[in-house]
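Scroll down for the structure; my scribbles are underneath it.
Quick caveat: nothing in here was measured; it's all calculated off a predicted structure.
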Amino acid sequence: MAAKVYIVYYSMYGHVEKLAQEIKKGASSVEGVEAKLWQVPETLPEEVLAKMGAPPKTDAPFITPDELAEADGVLFGFPTRFGMMAAQFKAFMDATGGLWRIQALAGKPAGIFYSTGSQGGGQETTPLTSITQLVHHGMIFVPIGYTFGAGMFEMEKVKGGSPYGAGTYAGDGSRQPSELELEQAFHQGKYFAGFTKKLKGTA
């Protein structure tokens, strides 16, 4: 059976979603892996989102906490809020208490990707503070380290991401993920899928 990789994300303005789509392409490029995109539910009212200029949600399905247990590996993506995961994603994780109680996610690999507004806005603190969620579930955190190669050392261009995972800078919202950031996202998907497949094969 194919290894199931779920890419679960929250994206208000589309930056994280673009990374998620590229991660899915990377994961799907690994033979024997089935990758699927999922959104977590929005917690803000439509009128508030409209005032914030947020575009409508795409057609990626919304996941329930229990559906997480179906995956062999999960990549979690979210924008930062003051150096931590956005409240919408935290609300979803807070709803996984039933899975935690029976340790349904224990032993499953997990990765993190993210978006921040600026270079000092949380490219490392956001994934670092989010690892606690994985630890309590007994999940295996899979960082990309420096496996992306030369792209990790880019100094001439603005590039998000870190050894923790793929990332992008949204700026005032007008900046979109760069080609290099999307390449890193593809790499993370492929790398993580290979790890998940290998782990499933030894189970």
Inset, instruction - Give a yes or no answer on whether the side chain of H15 reaches the backbone of G173 with a donor-acceptor pair at less than 3.5 Å. - result: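 Pair found, side chain donor or acceptor close to backbone of G173.
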
Which pair of heavy atoms, one from [X] and one from [Y], lies closest together, and at what distance?
{"X": "A86", "Y": "Y10", "value": "CB-CD2, 4.3 Å"}
{"X": "S178", "Y": "V158", "value": "OG-O, 4.5 Å"}
{"X": "S29", "Y": "F186", "value": "OG-CZ, 3.9 Å"}
{"X": "Q184", "Y": "G160", "value": "OE1-O, 3.2 Å"}
{"X": "S130", "Y": "M85", "value": "OG-CE, 3.6 Å"}
{"X": "I7", "Y": "A20", "value": "CG2-CB, 3.8 Å"}

Atom [atom1] of [X]: over 12 foreign heavy atoms under 6.0 Å:
{"X": "Y146", "atom1": "OH", "value": "no"}
{"X": "E46", "atom1": "CD", "value": "no"}
{"X": "M84", "atom1": "CE", "value": "no"}
{"X": "W38", "atom1": "CH2", "value": "yes"}

Legend entry - side chain to side chain donor-acceptor pair (under 3.5 Å) partner of Y6, chosen from K24, E70, E34: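 Answer to the side chain to side chain donor-acceptor pair (under 3.5 Å) test with Y6 among K24, E70, E34: E70.
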
Legend entry - T147: which of Q188, K190, H187 passes side chain to side chain donor-acceptor pair (under 3.5 Å):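 The passing option is H187.
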
Inset, instruction - Return the orientation label for the F89 and F76 ring planes: parallel under 30°, perpendicular over 60°, tilted otherwise. - result: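 It falls in the perpendicular class, over 60°.
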
Using a strict 4.0 Å threshold on nitrogen-to-oxygen distance, state whether [X] and [Y] make a salt bridge.
{"X": "K25", "Y": "E22", "answer": "yes"}
{"X": "K159", "Y": "E181", "answer": "no"}
{"X": "D72", "Y": "K200", "answer": "yes"}

Taking atom types as modelled and ignoring hydrogens, do the side chains of [X] and [Y] form a donor-acceptor contact shorter than 3.5 angstrom?
{"X": "E17", "Y": "T58", "answer": "yes"}
{"X": "E67", "Y": "T64", "answer": "yes"}
{"X": "Q123", "Y": "T116", "answer": "yes"}

Inset, instruction - Step by step, work out the side-chain contact (heavy atoms from CB on, under 4.5 Å) result for T168 and Q176. - result: CA-CA 8 Å; T168 188; Q176 296 300 313; over 6 Å; no

Inset, instruction - Report yes if the distance between the aromatic ring centroids of Y164 and Y114 is under 6.0 Å, otherwise no. - result: no

Inset, instruction - Let me see the working for V5 and V74 under side-chain contact (heavy atoms from CB on, under 4.5 Å), right down to the final yes or no. - result: CA-CA 6 Å; V5 171; V74 187; over 6 Å; no

Legend entry - Intermediate values then yes/no, side-chain contact (heavy atoms from CB on, under 4.5 Å), V33 and T196: CA-CA 9 Å; V33 170; T196 302; over 6 Å; no

Inset, instruction - Apply the test side-chain contact (heavy atoms from CB on, under 4.5 Å) to residues I63 and F92: give CA-CA distance (whole Å), side-chain angles for both, the deciding distance (0.1 Å), then the verdict. - result: CA-CA 9 Å; I63 194 168; F92 173 76; 3.7 Å; yes

Inset, instruction - Measure the spacing between CG of L19 and CZ of F113 and express it to the nearest 0.5 Å. - result: 6.5 Å

Inset, instruction - Could you tell me the separation between the CD atom of E42 and the CD atom of Q88, rounded to the nearest 0.5 Å? - result: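 Atom-to-atom, E42:CD and Q88:CD are 4.5 Å apart.
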
Inset, instruction - Could you walk me through whether Q39 and K57 pass side-chain hydrogen bond (donor to acceptor under 3.5 Å, both in side chains), step by step? - result: CA-CA 9 Å; Q39 299 184 73; K57 300 296 183 188; 5.0 Å; no

